[in-house]
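Note sheet for the following structure.
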Amino acid sequence: MDATAIARNQELQRQWYGAPLGELCRELCDRFGMTQSGLAETLGISPAMLSLVMRGQRARIANPDAAARLSAVLHLAQEVRAGTVPAGDAPRALAEIRASRTPGQDSMGAVAPPPRPASENRPAGAGAGAGAGAGAGPGAGAGPDPDLSFALRLRDLLTSRASAVDILAAAALLDADHPGLAEVLRVCGAGRTDEAVALVRTPRR
């Protein structure tokens, strides 16, 4: 893969997660004291696939379960860094994330309900972006953030139908006549997670 394609993938990762996944995954390994192979095992993908994403040879993890786990691990790192989750609780939370499943979409393309891990019938964390601009999530024991879950599911739906470049092009076409719809496409389909959550939380005009 040429350098231009890698740079494009890393820019998409920056839009989706706040920083390239190579930087974020290395930070996760350092924070939780795990190897790259250990992180791949937590996400439920092969080390080779994780390496491709970290090097920018893939923009995203295609498997919806693994992508949801990555978002949960990133969010957990954010909470540990902020002190809302004690560092000593991280191994248990990581084990819950590793065991969780997110159905994603069914065979007809409908978005399935949000994940429910077996241990507490709620995810240990959800959301994307441990880097700059990451959206703030609920504190420990607060339960899942419905706005964050909705924003992530909407993003998954949009990006499963079109690339970020195509989503932005569609938003540009709608700008003049339907600016509100254009904003939803631009922010929820190709913007940062914290911006998408803020848009979801904004009262209707």
Is the shortest side-chain heavy-atom distance between [X] and [Y] below 4.5 Å?
| X | Y | value |
| --- | --- | --- |
| L43 | R98 | no |
| E27 | R81 | yes |
| T35 | C29 | no |
| S100 | R69 | yes |
| F32 | V73 | yes |
| L21 | W16 | no |
| R60 | N9 | no |
| L70 | T42 | no |

Candidate list E79, Q78, H75, test side chain to side chain contact (heavy atoms under 4.5 Å, CB included), partner V85, passing option: E79
Going by side chain to side chain contact (heavy atoms under 4.5 Å, CB included), S51 matches just one of M54, R55, M49. Which one?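 The side chain to side chain contact (heavy atoms under 4.5 Å, CB included) with S51 is passed solely by R55 among M54, R55, M49.
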Which atoms form the tightest heavy-atom contact between [X] and [Y], and what is the distance?
| X | Y | answer |
| --- | --- | --- |
| A151 | V200 | CB-CG2, 4.1 Å |
| A66 | I61 | CB-CG2, 3.7 Å |
| L28 | M34 | O-CG, 4.5 Å |
| L199 | C188 | CD2-SG, 4.0 Å |
| V53 | Q13 | O-NE2, 3.0 Å |

With rounding to the nearest 0.5 Å, note down the distance linking [atom1] in [X] to [atom2] in [Y].
| X | Y | atom1 | atom2 | answer |
| --- | --- | --- | --- | --- |
| D2 | T4 | CG | OG1 | 5.0 Å |
| L76 | D89 | CG | CG | 9.5 Å |
| I45 | L50 | CD1 | CG | 4.5 Å |
| L52 | S46 | CG | OG | 7.5 Å |

Salt-bridge present (E23, R14; N to O < 4.0 Å):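 Looking at R14 together with E23, the answer is no, because their closest N to O distance does not fall below 4.0 Å.
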Stepwise side chain to side chain contact (heavy atoms under 4.5 Å, CB included) test for D175 and R186: CA-CA 10 Å; D175 253 330; R186 190 161 40 243; 3.2 Å; yes
Within one Ile-Leu-Val-Met-Phe-Trp-Tyr cluster: L173 and V184, side-chain cutoff 4.5 Å: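 Different clusters: L173 never reaches V184 through Ile, Leu, Val, Met, Phe, Trp or Tyr contacts under 4.5 Å.
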Looking only at atom types and distance, does a side-chain atom of T202 sit under 3.5 Å from a main-chain N or O of A198, one as donor and one as acceptor?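 Answer holds: yes.
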